[in-house]
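Before any comments, here is the structure.
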Amino acid sequence: MENCLKCEDNEWPNQEKTLCIEKQTEFLSYAGDPLTQIFIISSVILFIIAAVILGIFISFRDTPVVRANNHTLSFILLVSIKLSFLSVFLFLGRPVDITCMLRQTSFGITFSIAVSCVLAKTLMVSIAFKATKPGNPWRKWVGVKLANGLVFIFSLIQSLISVIWLVIAPPYVEHNTHSEPGQIIIQCNEGSAIGFYIVLSYMGLLASVSFIVAFLARSLPDSFNEAKYITFSML
């Protein structure tokens with residue numbers, strides 16, 4: 001006890017308590033972890049499925065079915081879904097500052113674009129059926145520009161939230177030396193918990209509004225209302 005020395009934060013005493021040894025580093029690596037392999041395989045498979053569906057839409061883009069389904073929104077929806085699947089890879093591997101900043105914001109933006117497309121498609125179907133009567137004021141809102149504008153506005157709000165978060169308190173790499181004895185957990189500190197929860201809350205708000213609109217439009221013909229099934233499946 002007269003010669004007691006405290007080990008550094010990145011070190012840990014051996015079993016005999018006579019020597020300080022370096023702690024092992026832990027993070028969600030690409031190899032050696034079954035959970036990581038499941039994430040990678042699932043993301044790749046879903047990305048390929050979305051890419052095939054996008055290819056089919058592009059091949060038949062001039063057909064009446066695709067044109068009547070607002071092919072622009074369908075293309076944006078499929079591309080954003082593909083990017084959401086790819087954002088999983090930002091959560092894997094040894095964290096660095098750039099991946100910590102991109103992992104939450106990139107997924108938040110791409111997922112918000114996807115949900116905005118679903119919301120815009122459902123709104124446009126509802127408006128189109130309300131505008132069938134002559135002289136109905138809803139007729140002036142029917143058009144592709146409104147749907148594209150809604151997607152742009154909803155996505156822009158999420159982008160602005162993410163930019164403000166990154167400017168004020170961006171996420172950074174953190175070495176957690178206290179959670180697990182003898183190990184250093186390399187993880188991302190979100191920087192601002194408020195910014196993180198605002199991003200999540202906005203995605204939840206979009207999903208909730210999409211669900212409400214889909215519920216109100218549940219009585220519309222199924223052949224024109226595929227967004228209803230997409231929204232209900234999100235539950």
Rounded to the nearest 0.5 Å, what separates atom CZ in R61 from atom OG1 in T72?
11.5 Å
Do V88 and F85 have side-chain heavy atoms sitting under 4.5 Å apart?
no
Can you check side-chain contact (heavy atoms from CB on, under 4.5 Å) on S162 and Q104, steps first, answer last?
CA-CA 9 Å; S162 300; Q104 299 291 352; over 6 Å; no
Which residues end up grouped with I164 if you chain together Ile, Leu, Val, Met, Phe, Trp and Tyr wherever their side-chain heavy atoms are less than 4.5 Å apart?
I168
Per-pair distances, 0.1 Å, donor-acceptor, side chain in residues 93-101, under 3.5 Å, sequence neighbours excluded:
| from | atom 1 | to | atom 2 | distance (Å) |
| --- | --- | --- | --- | --- |
| D97 | OD1 | V173 | N | 3.2 |
| T99 | OG1 | V96 | N | 3.0 |
| T99 | OG1 | V96 | O | 2.9 |

Name each donor-acceptor pair under 3.5 Å that joins a side chain in residues 196-209 to protein atoms two or more places apart or in another chain, with its distance.
| from | atom 1 | to | atom 2 | distance (Å) |
| --- | --- | --- | --- | --- |
| S201 | OG | Y197 | O | 2.6 |
| Y202 | OH | F154 | O | 2.8 |
| S208 | OG | G204 | O | 2.7 |

S80 (side chain) donor-acceptor with L77 (main chain) under 3.5 angstrom
yes
Taking a hydrophobic cluster as the set of Ile, Leu, Val, Met, Phe, Trp and Tyr residues connected by side-chain heavy atoms closer than 4.5 Å, whether directly or through intermediates, do L166 and I161 fall within one such cluster?
no
Expected list for residues 107-119: side-chain donor-acceptor pairs under 3.5 angstrom, two or more places apart:
| from | atom 1 | to | atom 2 | distance (Å) |
| --- | --- | --- | --- | --- |
| T110 | OG1 | S84 | OG | 3.2 |
| T110 | OG1 | S106 | O | 2.8 |
| T110 | OG1 | F107 | O | 3.2 |
| S112 | OG | G108 | O | 2.6 |
| S112 | OG | Q158 | NE2 | 2.9 |
| S116 | OG | S112 | O | 2.6 |

Looking at F89, I'd like to know if its CZ atom is crowded, meaning that more than 12 non-hydrogen atoms belonging to other residues, nucleotides or ligands lie closer than 6.0 Å.
yes
Just verifying a value: how many Å separate I76 CD1 and I81 CD1, rounded to the nearest 0.5 Å?
12.0 Å
Could you go through residues 44-60 and list every donor-acceptor pair under 3.5 Å that involves a side-chain atom there, pairing it with any protein atom two or more places apart or in another chain?
| from | atom 1 | to | atom 2 | distance (Å) |
| --- | --- | --- | --- | --- |
| S59 | OG | G55 | O | 2.8 |

Is it the case that one hydrophobic cluster holds both F91 and L83, taking links as side-chain heavy atoms less than 4.5 Å apart, direct or via other members?
no
What donor-acceptor contacts under 3.5 angstrom involve side-chain atoms of residues 186-195, with partners at least two apart or in another chain?
| from | atom 1 | to | atom 2 | distance (Å) |
| --- | --- | --- | --- | --- |
| Q187 | NE2 | E174 | OE1 | 2.8 |
| N189 | OD1 | G191 | N | 2.9 |
| N189 | ND2 | Y172 | OH | 3.3 |
| N189 | ND2 | E174 | OE2 | 3.2 |
| S192 | OG | G195 | N | 3.2 |

